[in-house]
Amino acid sequence: MPNKVIIITGPTASGKTETALDVAEEIGAEIISCDSVQVYKGMDIGSAKPHVSERRGLRHHLMDVAEVSEHFNVQEYVLKARAAFDEIRARGKRVVVAGGSGFYLKAWFSAVTDEISVSEDIRAQCRRIEERGGAPALAEKLLSLDPDAGKFVDMMNPRRTFRAIERVMASGKKVSEILSEFKKLPCPMGEFERDLRIIDRPDSEMDPRIAERTRKMINSGLVDETRKLISQGILQNPSAKNSIGYRETIAWLSAGSQDEGALFSDIVKSTLSLAKKQRKYFKNSLTE
RNA sequence: GGUGGGGUAUCCAAGUGGCUAAAGGGCGCGGACUGUAAAUCCGUUCGGGUAACCGUUCGCCGGUUCGAAACCGGCCCCCACCA
């Protein structure tokens, strides 16, 4: 199957970027990144984005496609990645998908969003409910619209409940219907053969790799990069400002920039738990 | 040497007589997740047991009490200030 799309993923710092480059180089493929942070311009050091000089002349897509001040999400990822995917294949080249953002990666396997369009008015209503009473108020609202919703939606999670209310209000359908229709949706990237490769290493290798990479990030200017991003509006973007490395640096800067050792260990700690979380996602949501 | 503060589970940290195997947080572990996903949320976290329950625990030793992490005495460490 020489046309298979090779999908390379793995926890952060496992070495998937290198592997992807090796593989892509060997088969003359272009790379579509699957990383929710590398999509942002200027988030380079902290996201371990390979510098242009490290890309071995291979074309990379879905990197630097958004401003840090603007929100990005899976929906946009799907749109842009699909466009790049079609374009590359139209040129007769092969594709390597590489990255560790689990939810984005899922889009290469199945639907991740539905087609219900939610009006700004409905969204504003939900926001008001949340502001007034938080998760309990959202749960109450959802149950008033659909008494069975509790079976399908995590009512403790305001974000999930919020989304469910929106969809129910916009479609007039019950959660169960929305869900079963969603499950029937095709993969947004289309039909193609996949070759999923999950890169991983034992903790005994991961721990020092993460420590070393974090050290390197700080030494090569993570703090300055973060300052620049702040001036470009990263603080207005909740997903970008909460990404690992930047989140800690922002906190460290606002706490007075004392004790660089603490910054280092905070980032290492967060990165370690990210790696664990990624493994779980791959295990539970990407493989059968 | 003196004065004050402190020693609680893997870490930080509440708790001043029973309802305490011991609040809360972190870490770890498990799980959920359709538009913030490197996010958000849930469960679990002394040992044994499916459980009832049993065993061991709050610096150490001893005491008071029906009963102590908590009260009393002694001792050992740590921190701050004074000398």
Side-chain angles (χ1 to χ4, degrees), chain A residues 9 11-13 33-40 43 46-49 66 68-80 99-107 109-118 122-123 126-127 130 134-136 138-139 150-168 170-171 173 175 177-188 203 207 210 213-214 217 234-250 265-286:
Chain A
T9 190
T12 187
S33 162
C34 187
D35 187 305
S36 64
V37 181
Q38 293 182 355
V39 294
Y40 291 109
M43 297 185 78
S47 72
K49 189 188 290 169
V68 279
S69 55
E70 65 192 28
H71 297 228
F72 194 85
N73 58 46
V74 229
Q75 177 89 312
E76 283 181 65
Y77 177 78
V78 166
L79 257 34
K80 290 189 156 82
S101 292
F103 190 40
Y104 287 18
L105 207 61
K106 198 174 181 184
F109 295 85
S110 58
V112 288
T113 61
D114 59 31
E115 276 132 24
I116 298 169
S117 72
V118 179
I122 288 175
R123 197 152 286 167
C126 292
R127 228 173 280 131
E130 181 170 24
L138 287 168
K151 288 180 204 151
F152 311 102
V153 180
D154 175 6
M155 298 296 210
M156 303 293 267
N157 189 335
R159 220 165 266 186
R160 302 264 81 85
T161 314
F162 189 107
R163 224 83 236 182
I165 297 172
E166 280 185 347
R167 318 224 90 67
V168 170
S171 67
K173 294 174 183 163
V175 174
E177 296 174 67
I178 295 171
L179 248 163
S180 69
E181 285 170 21
F182 174 67
K183 281 181 186 144
K184 290 179 199 141
L185 293 174
C187 171
D203 287 345
D207 294 359
I210 286 173
R213 199 176 72 168
T214 302
M217 283 179 182
I234 193 176
L235 299 180
Q236 275 78 64
N237 184 341
S239 71
K241 82 169 181 200
N242 280 317
S243 54
I244 288 162
Y246 299 101
R247 175 218 292 157
E248 290 77 12
T249 307
I250 290 166
S265 56
D266 281 354
I267 296 177
V268 168
K269 197 168 85 177
S270 300
T271 308
L272 250 22
S273 62
L274 168 63
K276 284 176 183 136
K277 188 183 159 177
Q278 288 173 305
R279 287 200 184 111
K280 280 180 202 172
Y281 194 88
F282 302 148
K283 183 182 83 178
N284 297 325
S285 304
L286 238 43

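In this text the structure is predicted, and so the values were computed from the model without any measurement. These numbers come from the heavy atoms of this one structure, side chains and all, not from hydrogens, waters or symmetry mates. Naming: A, B, ... by sequence-line order, numbering from 1 per chain.
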Which part of the nucleic acid, if any, lies within contact of [X], taking any heavy atom under 4.0 Å across all strands shown: a base, the sugar-phosphate backbone alone, or nothing?
X: V74(A); value: sugar-phosphate
X: I178(A); value: base
X: R163(A); value: sugar-phosphate
X: R167(A); value: base
X: Y281(A); value: base
X: K277(A); value: base
X: G99(A); value: nothing
X: S47(A); value: base
X: K276(A); value: sugar-phosphate
X: N242(A); value: sugar-phosphate
X: Y246(A); value: nothing
X: N284(A); value: sugar-phosphate

Determine, stepwise, if the pair I178(A) / S171(A) fulfils side chain to side chain contact (heavy atoms under 4.5 Å, CB included).
CA-CA 8 Å; I178(A) 295 171; S171(A) 67; 3.6 Å; yes

Separation of the [atom1] atoms in [N] and [M], to the nearest angstrom:
N: G5(B); M: A14(B); atom1: P; answer: 15 Å
N: A22(B); M: A32(B); atom1: P; answer: 29 Å
N: C60(B); M: C53(B); atom1: C1'; answer: 31 Å
N: C11(B); M: C81(B); atom1: P; answer: 27 Å
N: G55(B); M: G59(B); atom1: P; answer: 22 Å
N: A68(B); M: G18(B); atom1: C1'; answer: 9 Å
N: C12(B); M: G67(B); atom1: P; answer: 33 Å
N: A69(B); M: U16(B); atom1: C1'; answer: 9 Å

Please name the pair of heavy atoms, one in M43(A) and one in V37(A), separated by the smallest distance, quoted to 0.1 Å.
CE-CG1, 3.7 Å

Please report the shortest heavy-atom distance between S243(A) and E248(A), naming the atom on each side.
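Smallest interatomic distance, heavy atoms only, reads O-OE1, 4.3 Å.
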
Where chain A begins and ends its contact with RNA chain B, read 5' to 3' at 4.0 Å from heavy atoms
G26(B) to C42(B)

Under-4.0 Å salt bridge between R279(A) and D203(A):
yes

[X] side chain near [Y] side chain, heavy-atom distance below 4.5 Å:
X: D114(A); Y: E181(A); answer: no
X: R163(A); Y: V153(A); answer: no
X: N237(A); Y: E70(A); answer: no

Could you let me know what [N] is paired to, Watson-Crick or G-U wobble, both distances under 3.5 Å, or none if it's on its own?
N: C46(B); answer: G55(B)
N: G24(B); answer: C12(B)
N: G4(B); answer: C79(B)
N: U36(B); answer: none
N: C71(B); answer: G63(B)

For Y77(A), all residues meeting ring pair (Phe, Tyr, Trp, His ring centres under 6.0 Å), sequence neighbours excluded
Y104(A)

Per nearest nucleotide of RNA chain B, the residue lying toward the 5' end, Q38(A) or K106(A), is K106(A)

Residue closer to the 5' end of RNA chain B, S36(A) versus K183(A) (nearest nucleotide):
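Result: K183(A).
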
Verdict with supporting geometry, E115(A) and L185(A), side chain to side chain contact (heavy atoms under 4.5 Å, CB included):
CA-CA 9 Å; E115(A) 276 132 24; L185(A) 293 174; 4.1 Å; yes

